[in-house]
Amino acid sequence: MTERKDELAANLARVQERIAAACAAAGRPREDVTLIVVTKTYPAADVRMLADLGVRHVAENRDQDAAPKAAECSDLPLSWHFVGQLQTNKVRSVVGYADVVQSVDRSRLVTALSKEAVRAERELGCLIQVALDAGVSGRGERGGVAPEGIGELADRIASAEGLRLDGLMTVAPLTGEYAGRQQAAFERLMDLSTYLRRTHPAATMVSAGMSADLEQAVAAGATHVRVGTAVLGVRPRLG
Ligand SMILES: *Cc1c(COP(=O)(O)O)cnc(C)c1O
C-alpha cells in the first residue's frame with residue numbers, strides 16, 4: 001500500500017471503531033448506522049483508495065469539485081451524496097451523478113430536482129435539510145428549512161415525479177438554543193423524524209453527526225453519519 005492509503009486505512013479503522021463503540025453504548029446493532037465519507041476538497045485518487053478500502057458512500061458539497069471527481073470514479077461501486085447548499089442552476093449537473101441529495105430545503109429546489117431527475121430517467125433520493133437554528137426567515141445560515149417547514153416540503157417531494165423522500169438531515173447548529181448541545185440537537189431531529197414517518201413511513205434516513213460529534217448522533221438514533229476530517233485529514237481550505 002502507498003503511504004496515503006495506509007493513512008486512510010488507519011483513519012478509517014479508527015472511525016469504524018468509534019461508530020461500533022457508539023452503537024454498543026447505545027444498544028444499537030452496528031448495521032443500523034451507515035458511514036458516509038465526506039471527500040470534499042480531496043482528490044479522486046483518495047476516493048478510489050477509499051472505495052478499495054470498502055467505503056461505499058461518499059459525499060460532496062460543491063458541484064464544481066464533485067462533478068469531475070464523480071466522473072473519474074464512475075467505475076467504482078459508490079453511492080454519491082450531495083450535502084451542500086444547492087443552487088437551481090447546478091441541479092442538472094448534480095442529478096447526473098448524485099444518488100441522494102441531502103440538502104433539499106425549499107420548494108423551488110424540489111421542482112428543479114424533479115424536472116432533471118425525470119429528464120435523466122433517474123430516481124433521486126432526497127433528504128430534507130433541517131435548520132435547528134433557523135431565524136425568523138425560516139431558513140438556516142448554512143441552508144436548511146425550519147422544523148415548521150418540513151411537512152409541506154415532504155409532501156412536495158413525495159408527490160414529485162423522479163424523487164424519493166428518504167428522510168431528514170441536519171448539521172449541529174453553531175448558534176441559537178442548540179449551540180454546543182449536539183446531542184440535544186440530534187434528539188430533536190429524531191423527534192422530527194418520528195413525526196415525519198407518521199405520514200411518510202418510508203422516510204427512515206436520519207443523517208446527522210460529523211467527525212466531532214458522531215457519537216452524539218449515534219446515541220440519538222442517526223442512521224447515517226457524515227465524516228470528513230477524521231478519515232481524510234484536516235482540509236487544506238474551508239469547504
Ligand atoms: C464537511 C461536511 C461534513 C464533514 O465534516 P467533518 O467535520 O470534516 O467530518 C459533514 N456534513 C456536511 C454537510 C459537510 O459539509
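Atoms within each ligand, like the ligands themselves, are counted from 1 in listed order. Residues: numbered from 1 along the sequence shown.
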Among K40, R62, R226, H81, which one has a heavy atom closest to atom 15 (O) of ligand 1?
-> K40
Among S103, S207, S211, closest by any non-hydrogen atom to atom 9 (O) of ligand 1 |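 Looking at heavy atoms only, the winner is S211.
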V227: numbered ligand 1 atoms lying under 4.0 Å from its heavy atoms =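 Here the atoms of ligand 1 in question are 9 (O).
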List every atom of ligand 1 that sits less than 4.0 Å from any heavy atom of T229, numbering the atoms from 1 in the order shown and giving each element.
-> 6 (P), 7 (O), 8 (O), 9 (O)
CZ (R106) with more than 12 external heavy atoms under 6.0 Å =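 Result for CZ/R106: enclosed.
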Under 4.0 Å, heavy atoms only, figure out whether ligand 1 is touched by the backbone of R235, its side chain, both or neither.
->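 For R235, the contact with ligand 1 is made by the side chain alone.
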May I ask you to identify, for V83, whether its side chain, its backbone, both or neither come under 4.0 Å of ligand 1 on a heavy-atom basis?
->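 It is both backbone and side chain that touch ligand 1.
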Cut-off 3.5 Å, side chains only: do [X] and [Y] have a donor facing an acceptor?
{"X": "Y97", "Y": "D63", "value": "yes"}
{"X": "R235", "Y": "T41", "value": "no"}
{"X": "T170", "Y": "Q129", "value": "no"}
{"X": "R56", "Y": "S79", "value": "no"}

Would one find an N or O of G228, backbone or side chain, under 3.5 Å from an N or O of ligand 1?
->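 Yes; at least one N/O pair falls below 3.5 Å.
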E60/T39 under side chain to side chain donor-acceptor pair (under 3.5 Å): CA gap, chis, key distance, verdict = CA-CA 6 Å; E60 289 282 332; T39 48; 2.6 Å; yes
